[in-house]
2 protein chains.
Amino acid sequence: MSLRYALIALLTGRPMTGYDISKSFSRSVAHVWHAPDSQIYPELNRMERDGLLDSVEVPWGKRGTKKEYHVTEAGLAAFREWMESPLVPQRQRDPVYLKAAYFDFADPEAVREQLRQQQAYWEEQLALLEQTRATLVDRSHPTLAARISKLNEREAELAVRYKIYAYDGLIARARTELEWIKDGFALIDELYGP
Amino acid sequence: MSLRYALIALLTGRPMTGYDISKSFSRSVAHVWHAPDSQIYPELNRMERDGLLDSVEVPWGKRGTKKEYHVTEAGLAAFREWMESPLVPQRQRDPVYLKAAYFDFADPEAVREQLRQQQAYWEEQLALLEQTRATLVDRSHPTLAARISKLNEREAELAVRYKIYAYDGLIARARTELEWIKDGFALIDELYGP
DNA sequence: CTGGACATGTAATATGTTACATGATTGC
DNA sequence: GCAATCATGTAACATATTACATGTCCAG
């Protein structure tokens with residue numbers, strides 16, 4: 001059910017179409033949440049049906065229209081309620097750690113290759129996260145900028161600081177993963193020779 | 001589809017019933033993988049149908065029987081193939097970071113309370129992980145012990161070291177989460193006063 | 001006038017959760 | 001004999017993935 005709240009969170013910044021949201025979910029916001037089109041559009045419809053969102057038909061070009069969604073009072077209330085409700089701890093289900101625990105079933109070269117892939121992935125993530133963090137610090141991040149334009153300085157400060165805080169967590173996590181991967185290379189070298 | 005491989009991984013140690021597996025998934029192995037009964041039993045049946053597992057009816061008490069599953073050659077081959085195949089990077093979908101990015105929508109006391117809960121959760125996890133790690137180091141961990149009893153010293157060393165490596169990753173992750181939570185308390189104190 | 005971005009979905013499948021259901025065995 | 005544990009599921013629902021389908025608009 002968190003998809004709902006991720007959608008509301010995004011829409012608190014500015015009204016958006018399903019397409020806008022979809023793009024956000026595969027670009028900068030993707031670090032915090034991701035969902036494919038096929039999940040977004042039906043969920044937006046359900047949320048409108050449930051009164052959490054309102055939509056306005058906006059002209060698009062000559063004949064086309066698009067639906068811009070914005071959060072209703074009920075939606076905002078539901079979001080606040082979720083924000084204040086306790087978090088159910090996530091259950092562990094991460095294939096990476098499962099694999100690592102059984103690396104002895106794989107060829108050491110195959111293991112090295114997988115570690116390299118993971119390393120490349122996390123290095124790229126880390127770079128993106130730090131880049132995005134910088135746009136939060138200077139307040140140029142588009143979604144954030146849209147949101148804080150409607151707030152006073154104190155409120156804006158809070159919004160910005162918490163977003164930076166979230167990114168600091170993601171960055172720390174990425175660094176931890178990279179450290180662990182580095183240890184993995186060292187372990188294989190030790191067990192099989194370089 | 002990783003559930004399949006998690007099940008095979010467990011069964012490489014020793015033959016088990018669905019119930020045994022279910023218990024493992026909610027005790028020590030839960031750090032690496034978790035699944036409820038209702039997912040385990042049907043999946044075991046499907047895996048037997050697909051030839052990855054074999055089952056033997058074992059007497060249990062006077063009239064009862066239970067099904068002990070063991071991995072077939074085909075199952076082991078499938079496991080090795082999965083172990084050597086590249087990992088598709090996980091997409092981010094973590095409600096904790098989503099919430100953190102929007103903490104300004106919640107009352108600071110509610111935020112503190114959630115941080116306290118997260119802290120308690122991760123501290124408990126960390127303790128369990130370190131405890132389990134110790135049973136890997138001295139080779140008293142039941143699943144591991146069953147597995148290495150069938151291996152020579154070199155193979156046992158590999159199996160043990162990789163499992164410790166996986167737990168080191170989980171422990172590092174838990175510590176990183178705890179650090180981040182600590183920063184969260186500091187941030188709220190700074191923004192609202194202690 | 002064409003390709004890429006914009007826009008909105010459906011369908012089928014896979015995976016995961018919650019609740020319910022049932023019975024045997026073992027230890028006290 | 002009674003409670004806790006062992007044992008094995010089904011059913012309904014919720015969520016997520018993959019593949020497909022269709023059409024508009026805008027820039028070059």
Side-chain angles (χ1 to χ4, degrees), chain A residues 1-7 10-11 15-27 30 32-50 53 55-69 82 87-95 98 142, chain B residues 1-7 10-11 15-27 30 32-50 53 55-69 82 87-95 98 142:
Chain A
M1 259 301 112
S2 296
L3 172 60
R4 295 210 147 186
Y5 303 109
L7 291 170
L10 251 187
L11 291 171
M16 283 182 172
T17 67
Y19 187 82
D20 292 333
I21 291 170
S22 173
K23 288 303 120 178
S24 293
F25 273 0
S26 44
R27 287 172 194 156
V32 185
W33 206 267
H34 170 270
D37 299 12
S38 61
Q39 214 188 345
I40 294 168
Y41 289 108
E43 186 63 28
L44 287 172
N45 283 325
R46 278 191 292 272
M47 289 169 75
E48 188 175 11
R49 185 201 62 199
D50 296 349
L53 302 179
S55 69
V56 191
E57 292 271 341
V58 172
W60 172 55
K62 289 182 197 37
R63 286 176 300 285
T65 59
K66 56 183 184 176
K67 266 165 96 178
E68 250 176 13
Y69 289 93
W82 177 73
L87 265 166
V88 279
Q90 296 283 104
R91 316 229 211 198
Q92 206 56 252
R93 204 176 288 121
D94 190 334
L98 174 60
Chain B
M1 259 301 110
S2 296
L3 173 60
R4 293 209 148 188
Y5 303 109
L7 291 170
L10 251 186
L11 291 170
M16 283 181 171
T17 66
Y19 188 82
D20 293 333
I21 291 171
S22 173
K23 289 303 120 177
S24 294
F25 273 180
S26 45
R27 285 171 196 158
V32 184
W33 206 266
H34 171 269
D37 300 11
S38 61
Q39 214 187 345
I40 294 168
Y41 288 108
E43 186 62 27
L44 287 172
N45 284 325
R46 277 192 293 272
M47 288 169 76
E48 187 176 14
R49 187 201 60 199
D50 296 349
L53 303 179
S55 69
V56 191
E57 291 271 341
V58 171
W60 171 55
K62 290 183 196 38
R63 287 175 300 287
T65 58
K66 55 183 183 177
K67 266 164 97 178
E68 249 177 14
Y69 289 94
W82 178 73
L87 265 165
V88 281
Q90 295 282 102
R91 316 229 211 197
Q92 205 56 252
R93 203 176 288 120
D94 190 335
L98 174 60

A:Tyr5: ring-ring contact (aromatic ring centres under 6.0 Å, His included) partners, not counting sequence neighbours: A:Trp82

Heavy-atom donor-acceptor pair, B:Asp20 side chain to B:Thr17 backbone, under 3.5 Å: yes

Main-chain N/O of A:Tyr19 paired with A:Tyr41 side-chain donor or acceptor, under 3.5 Å: yes

What residues, two or more places apart in sequence or in another chain, satisfy side chain to side chain contact (heavy atoms under 4.5 Å, CB included) together with [X]?
{"X": "A:Asp94", "result": "A:Gln92, A:Val96, A:Tyr97, B:Gln90, B:Arg173"}
{"X": "B:Arg27", "result": "B:Lys23"}
{"X": "B:Val58", "result": "B:Lys66, B:Glu68"}

Interatomic distance where [atom1] belongs to [X] and [atom2] belongs to [N] [whole Å]:
{"X": "A:Lys23", "N": "C:dT8", "atom1": "NZ", "atom2": "P", "result": "12 Å"}
{"X": "B:Met16", "N": "D:dT8", "atom1": "CE", "atom2": "C1'", "result": "17 Å"}
{"X": "A:Asp94", "N": "C:dG16", "atom1": "CG", "atom2": "C1'", "result": "16 Å"}
{"X": "B:Asp20", "N": "D:dG9", "atom1": "CG", "atom2": "C1'", "result": "16 Å"}
{"X": "B:Leu44", "N": "D:dT8", "atom1": "CG", "atom2": "P", "result": "9 Å"}
{"X": "B:Ile21", "N": "D:dC6", "atom1": "CD1", "atom2": "P", "result": "15 Å"}
{"X": "A:Arg46", "N": "C:dG9", "atom1": "CZ", "atom2": "P", "result": "12 Å"}
{"X": "B:Arg63", "N": "D:dA7", "atom1": "CZ", "atom2": "P", "result": "16 Å"}

Under-4.0 Å side-chain N/O to phosphate OP1/OP2 contact, A:Tyr19 with C:dC6: yes

Phosphate-side-chain proximity, B:Tyr41 and D:dG9, N/O vs OP1/OP2 below 4.0 Å: no

Under the side chain to side chain donor-acceptor pair (under 3.5 Å) test, residues paired with A:Ser26 that sit two or more places apart: none

First encountered from the 5' end of DNA chain D, between A:Gly61 and B:Pro42: B:Pro42

Under 4.0 Å protein heavy-atom contact, by nucleotide of nucleotides 15-23 of chain D - B base, S sugar-phosphate only: SSBBB---B

